[in-house]
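Below you'll find the structure, written out as structure tokens, and then a few comments.
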2 protein chains.
Amino acid sequence: MLIITMLGDGPRRFNELKRMVNGVSQRMLTLSLRGLERDGLITRTVTPSTPPRVDYELTELGRSLLGTVSALSAWALENQGEIQKARTAFDASVQ
Amino acid sequence: MLIITMLGDGPRRFNELKRMVNGVSQRMLTLSLRGLERDGLITRTVTPSTPPRVDYELTELGRSLLGTVSALSAWALENQGEIQKARTAFDASVQ
DNA sequence: CGGGATCCTGTAGGATACTG
DNA sequence: CAGTATCCTACAGGATCCCG
């Protein structure tokens, strides 16, 4: 979902995504990108040059997920305070 | 997300949810329910009787997720064929 | 730059047994 | 019925090194 979101406004390069996700290992980013590519949600375009350049971009199918994903993201943002409160209360009640 | 959906049309009991999810171990169902309860998305109501009865129900916060979750679910249903095709094609192209 | 290949470890989570 | 408590292991995923 993070990757779908980051690709929402245009293609991105590998290290660009790596920086945006912040904390993801290159291994997991690669695996995630491969999975999304396999599912037909993103495309991988290699431009052979020095240095090499690889762009990732949403397919039409991928773009069709943007709306729902950003709705979920918006929900999370709007309600993170509420959830934090619930957690603190719950943890206190269980000691 | 599955649990949120199952609770969408009213409260459910533990074993009822267990049957609905189909394949989930009671351990993971318990852990998932605890997590959702901790986050304030569901409530857990114990009715002491023989046999004991425990009902799970969406909170208002939980219900506020229903729309987005079912949108995602609908997307998955609509596009599962497309995704299967993409996977087969991808796997074939990689051999 | 954009990865693949290895090695290694923590832990998610299954299976099973017990309980109020 | 609705869970806890244990034990155990496969595998997710980090760290590191290498490469065109």
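Values below: every heavy atom of this structure, side chains too, minus hydrogens, waters and symmetry copies. Lettering of chains follows the sequences in order, A, B, ..., and the numbering in each one begins at 1.
For the pair B:Ser73 (side chain) and B:Val69 (backbone), a donor-acceptor distance under 3.5 Å is absent. The main-chain N or O of B:Gly40 is found under 3.5 Å from a side-chain atom of B:Thr59 such that the two form a donor-acceptor pair.
For the segment residues 4-24 of chain A, residues with any heavy atom less than 4.0 angstrom from an atom of DNA chain C are, sorted by number, A:Arg13, A:Phe14, A:Asn15.
Sequence order on DNA chain D of the closest nucleotides to A:Leu31 and B:Arg53 puts B:Arg53 first from the 5' end. Heavy-atom distances to DNA chain C give each of B:Gln26 and A:Pro51 a nearest nucleotide, and the one nearer the 5′ end belongs to A:Pro51.
The distance between atom CG of B:Leu29 and atom P of D:dT4, rounded to the nearest whole Å, is 11 Å. When rounded to the nearest whole Å, the span between OH of A:Tyr56 and P of C:dC1 equals 14 Å.
Between B:Arg27 and D:dA5, a side-chain N or O to OP1/OP2 separation shorter than 4.0 Å is absent. Distances shorter than 4.0 Å separate some side-chain N or O of B:Ser25 from OP1 or OP2 on C:dG14. Between A:Arg44 and C:dG2, a side-chain N or O to OP1/OP2 separation shorter than 4.0 Å is absent. Considering only side-chain N and O atoms, B:Thr30 lies nowhere under 4.0 angstrom from the phosphate OP1 or OP2 of D:dG3. Regarding contacts with the backbone of D:dT4, a side-chain N or O of B:Arg34 is found under 4.0 angstrom from either OP1 or OP2.
For the side chain to side chain contact (heavy atoms under 4.5 Å, CB included) with B:Tyr56, the lone residue among B:Leu36, B:Thr45, B:Ile42, B:Ile3 that qualifies is B:Ile42. Checking each of A:Gln26, A:Arg53, A:Arg44 against A:Phe14 for a side chain to side chain contact (heavy atoms under 4.5 Å, CB included) leaves exactly one that passes, namely A:Gln26.
Distance check: A:Leu58 CG to A:Thr43 OG1 gives 8.0 Å after rounding to the nearest 0.5 Å.
With distances taken from any side-chain atom of B:Met28 to the nucleotides C:dG3, C:dG13, C:dC1, the minimum falls on C:dG13.
Remark: A:Glu16 engages A:Arg12 in a salt bridge (Lys or Arg N to Asp or Glu O under 4.0 Å) (not counting sequence neighbours).
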